[in-house]
Amino acid sequence: MNIFRLAGDLSHLLAIIILLLKIWKTRSCAGISGKSQVLFAIVYLTRYLDLFTTYISLYNSIMKIVFIAASGATLYLMYVKFKATYDHNHDSFRIEFLLIPCVILALIINHDFTVMEILWTFSIYLESVAILPQLFLVSKTGEAESITSHYLFALGSYRALYLLNWIYRYMAESHYDLIAIFAGVVQTILYCDFFYLYITKVLKGKKLQLPA
Amino acid sequence: VKECTKKDEL
């Protein structure tokens, strides 16, 4: 565990907490893509199956359980408790366009042709693009509340920090995982445009509004 | 350098 990895995990945790608090405090999930949240739930469930097979550390197990639980809670709030506030019409990204290519890619490019390994690989590929329905929703409505921007910034920073972690681990431990690195780079690139808007607008107290 | 696939990350 190095500082980049820890910062990445904490950023990920912060993002999830911000999202849950936003929905809970405002009693609304307006501006949040339920489809991205469904994809994240699939990511956690397919990746953290190893909770049952491999013990790594208490930290590792607790974080996995927290991510799965928080993801389930988010889906419950969006699709059950505050369903009336869900932005159906704008959340129109077709997730099969992400799911199917990720399944195919995981079957072709993986470390090992076993069920666990393919599910892990699928979850890595899917995570890299899971934010697209959310970014699509923001681009459709043309704006995002500040709290939603903070959520997206924390969530995007997490994988960017993991990239630093992988560089560090490559140098310090000669450890690397090409699938994770490739997907992590793609994931971070998808946030770049948002990062730019966040830094130039939201941090200066302005609302995140896309140019018309 | 050998690629390691041990999944100790989240």
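Below, chain A is the first sequence line, B the second, and so on; all start at residue 1.
- Shown here is A:Tyr168, whose OH atom has no more than 12 heavy atoms of other residues, nucleotides or ligands within 6.0 Å.
- Annotation: residues 143-160 of chain A contacts chain B through A:Tyr158, A:Arg159 [non-hydrogen atoms, separation under 4.5 Å].
- Within residues 10-43 of chain A, no residue has any heavy atom under 4.5 Å from a heavy atom of chain B.
- Using a 4.0 Å cut-off between charged nitrogen and carboxylate oxygen, A:Glu117 and B:Lys7 count as a salt-bridge pair.
- Using non-hydrogen atoms only and a strict 4.5 Å limit, the part of residues 58-65 of chain A facing chain B consists of A:Tyr59, A:Asn60, A:Met63, A:Lys64.
- Minimum interatomic distance between B:Leu10 and A:Phe67 (heavy atoms only, all atoms of both residues): CD1-CE1, 4.1 Å.
- Listed options A:Asp50, A:Asp112, A:Asp9 were ranked by heavy-atom pairs under 4.5 angstrom with chain B; first place goes to A:Asp9.
- No more than 12 heavy-atom neighbours from other residues, nucleotides or ligands sit within 6.0 angstrom of CZ on A:Phe52.
- Contact check for B:Glu9 versus A:Asp177: no side-chain heavy atoms found under the 4.5 Å cut-off.
- Around atom CD1 of A:Ile3, no more than 12 heavy atoms belonging to other residues, nucleotides or ligands sit under 6.0 Å away.
- Take A:Phe113 and apply the side-chain contact (heavy atoms from CB on, under 4.5 Å) test, not counting sequence neighbours, and it matches A:Leu107, A:Asn110, A:Ile118.
- A salt bridge is defined here as a Lys NZ or Arg NE, NH1 or NH2 lying under 4.0 Å from an Asp or Glu carboxylate O, and A:Arg5 with B:Asp8 fails to meet this definition.
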